[in-house]
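Have a look at the structure below before the remarks.
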Amino acid sequence: PRQHEGNIINLGYQGMLARLPQALPEMGEITFGIAAAPTAARHEDVYARALNQHPVEDGYQTAFAFTSMGSHGQEAVRRCVDQILWAL
């Protein structure tokens, strides 16, 4: 599989908005790792599908919906979102 680097712009419980250097295929799927805490050594795999994307000056802004993740992945996403929302 190809690897892409990008930046998460906005993270939610069900998906995210990211900036990628290149476009993905329509309805393309990605896997990324997320940690429950910045210092955590373990990353959980989260699978997401690109819903839409549009060009921006330095790449493509892409909206993703999460399609699959284990309970540890759900917990990691929830903790990251809660930290953003509630400064926990």
Side-chain angles (χ1 to χ4, degrees):
R2 294 181 4 196
Q3 289 189 346
H4 300 273
E5 287 192 31
N7 297 307
I8 296 174
I9 298 168
N10 195 348
L11 179 68
Y13 298 118
Q14 303 298 318
M16 68 179 176
L17 184 63
R19 183 159 295 143
L20 304 174
Q22 59 195 43
L24 294 176
E26 187 173 331
M27 298 299 281
E29 299 216 3
I30 64 166
T31 304
F32 68 97
I34 189 167
T39 59
R42 180 177 167 168
H43 288 75
E44 303 299 330
D45 285 340
V46 175
Y47 298 83
R49 176 174 290 137
L51 300 178
N52 61 54
Q53 53 193 333
H54 66 273
V56 292
E57 71 180 55
D58 58 346
Y60 288 83
Q61 189 164 299
T62 307
F64 291 93
F66 299 146
T67 56
S68 179
M69 66 181 100
S71 60
H72 293 291
Q74 288 176 330
E75 179 65 17
V77 168
R78 185 192 64 76
R79 284 185 182 204
C80 288
V81 172
D82 287 352
Q83 286 177 342
I84 294 167
L85 290 175
W86 311 111
L88 297 175

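Grouping Ile, Leu, Val, Met, Phe, Trp and Tyr residues whose side-chain heavy atoms lie under 4.5 Å apart, directly or via other members, places I9 in a hydrophobic cluster with L17. The hydrophobic cluster of V56 has no other members, since no ILVMFWY side-chain heavy atom comes under 4.5 Å of it.
For the pair F66 and L11, the tightest heavy-atom approach, listed with the atom from each and the gap, is CZ-CD1, 3.8 Å. Residue C80 comes nearest to A35 through the heavy atom pair SG-O, 3.5 Å, listed as atom of the first residue, atom of the second, then distance. Nearest approach of T62 to A50, heavy atoms of both residues: CG2-CB, 3.8 Å.
For residues 61-72, no pair satisfies salt bridge (charged side-chain N to carboxylate O under 4.0 Å, His left out), with sequence neighbours left out.
Looking at residues two or more places apart in sequence or on another chain, you find a side-chain hydrogen bond (donor to acceptor under 3.5 Å, both in side chains) between Y13 and D82. Remark: R19 pairs with D58 by the salt bridge (charged side-chain N to carboxylate O under 4.0 Å, His left out) rule, at least two apart or across chains.
Both L85 and M16 are members of a single hydrophobic cluster when ILVMFWY side chains are connected at heavy-atom separations under 4.5 Å.
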Less than 3.5 Å apart, which donor and acceptor atoms pair up between the side chains of residues 20-34 and the rest of the protein, not counting sequence neighbours?
{"residue": "Q22", "atom": "NE2", "partner": "H4", "partner atom": "ND1", "Å": "3.4"}
{"residue": "E29", "atom": "OE2", "partner": "R49", "partner atom": "NE", "Å": "3.0"}
{"residue": "E29", "atom": "OE2", "partner": "R49", "partner atom": "NH2", "Å": "2.2"}

